[in-house]
Amino acid sequence: MKIILRLFAYVSFALCVPAYAQSPLTCTQIPLKVGFFDFPPFYTQAGEEGEPQGLLVDELQQLMSQLGCQWQGKFDTAPKMLEKIIHGDTDMVLVIRHPMLNGRANYSHNPISQLKLNIYRTQGTSAVESLEQLRQKRIILIRGYGYGGLFKKLIDPSMEAELHIASDHQAGLEMLRLKRGDYLLGYQRPTSQALAKVAFDDVESHHLQTWDVHAVISSHYSDKSLLAMIDLWLKNNATKLSVQ
């Protein structure tokens with residue numbers, strides 16, 4: 001009877017343990033090759049070795065630690081990073097949905113994070129609620145950002161917009177404060193962090209768009225259980241989702 005009770009207790013415990021804690025993944029022994037592109041402050045290279053750092057790198061590290069996975073990062077241009085995940089030269093990336101990857105790589109069902117884009121303005125400037133309402137306006141943009149494809153729309157001659165480029169979110173807020181532009185397109189978390197460093201209380205914002213950031217695994221990656229384990233962890237930790 002004691003043996004049966006012990007066996008029952010063991011089985012019950014095993015059923016309660018998350019699947020990602022039961023099955024060793026390949027990445028516990030062989031590091032995942034993770035692709036990045038220059039996207040500060042979400043992805044940046046630090047130190048002489050160009051170690052990945054940033055807001056989304058922190059999200060990745062939390063996920064990898066929970067799964068017991070090893071990983072190593074490699075920076076490329078965004079197009080090259082996408083090509084590498086398609087051809088299996090990279091195992092994993094964290095990106096919003098991209099048409100280049102449709103049917104050619106595997107997205108997590110649950111997002112690992114979000115990018116929330118806002119339009120910032122001073123209180124004396126008229127509120128705008130859409131990209132179309134930025135027509136013929138002076139707009140401050142952050143250098144290097146594609147804004148999920150919105151940049152191409154903003155530079156279209158039909159918009160007749162006057163664009164001013166800032167080096168980062170803090171510089172963008174300074175330009176807005178000095179009236180060098182009427183509106184700033186900024187991601188929520190880095191802009192909030194920058195506002196804490198800038199003496200600028202006369203600023204308001206309107207939400208423009210939100211994108212889910214997914215873990216994307218190459219279809220060539222050998223351990224087909226990895227994506228399921230990632231999704232399970234993300235589902236169980238949905239309340240920790242960061243809004244950037």
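For the single chain, residues carry numbers from 1 onward in sequence order.
Other residues, nucleotides and ligands place more than 12 heavy atoms under 6.0 Å from the CG atom of N102. In this structure, K84 places its NZ atom where more than 12 heavy-atom neighbours from other residues, nucleotides or ligands lie under 6.0 Å away. The number of heavy-atom neighbours closer than 6.0 Å to NE2 of H87, taken from other residues, nucleotides and ligands shown, is above 12. Counting non-hydrogen atoms of other residues, nucleotides and ligands closer than 6.0 Å to CZ of R104 gives a total of 12 or fewer. Within 6.0 Å of atom CZ in R180, 12 or fewer heavy atoms from other residues, nucleotides or ligands are found, so the atom counts as exposed in its surroundings.
With no hydrogens or angles considered, a side-chain donor-acceptor pair links H164 and E162 at under 3.5 Å.
Ring pair Y187/F42 is perpendicular by interplanar angle, where above 60° counts as perpendicular and below 30° as parallel.
Ring centers of Y145 and H169: under 6.0 Å apart, within the cut-off.
Partners of K179 by side-chain hydrogen bond (donor to acceptor under 3.5 Å, both in side chains), not counting sequence neighbours, listed by chain and number: T122.
Between L150 and L117, the closest side-chain pair of non-hydrogen atoms falls below 4.5 Å. The shortest distance between side-chain heavy atoms of V213 and P111 does not fall below 4.5 Å. Between R121 and I119 there is no side-chain heavy-atom pair separated by less than 4.5 Å.
The only option from L32, T28, I230 that meets the side-chain contact (heavy atoms from CB on, under 4.5 Å) definition with L67 turns out to be I230.
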Check your understanding: For D223 and S225, what are the C-alpha separation, side-chain angles and deciding distance, and is it a side chain to side chain donor-acceptor pair (under 3.5 Å)?
Key -> CA-CA 5 Å; D223 191 344; S225 63; 2.5 Å; yes

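Looking at E174 and R177, a side-chain N of the basic residue comes within less than 4.0 Å of a carboxylate O on the acidic one, giving a salt bridge.
In the hydrophobic clustering of ILVMFWY residues, with side-chain heavy atoms under 4.5 Å counting as a link, Y221 and I30 come out apart.
Nearest approach of A166 to I140, heavy atoms of both residues: CB-CG2, 4.0 Å.
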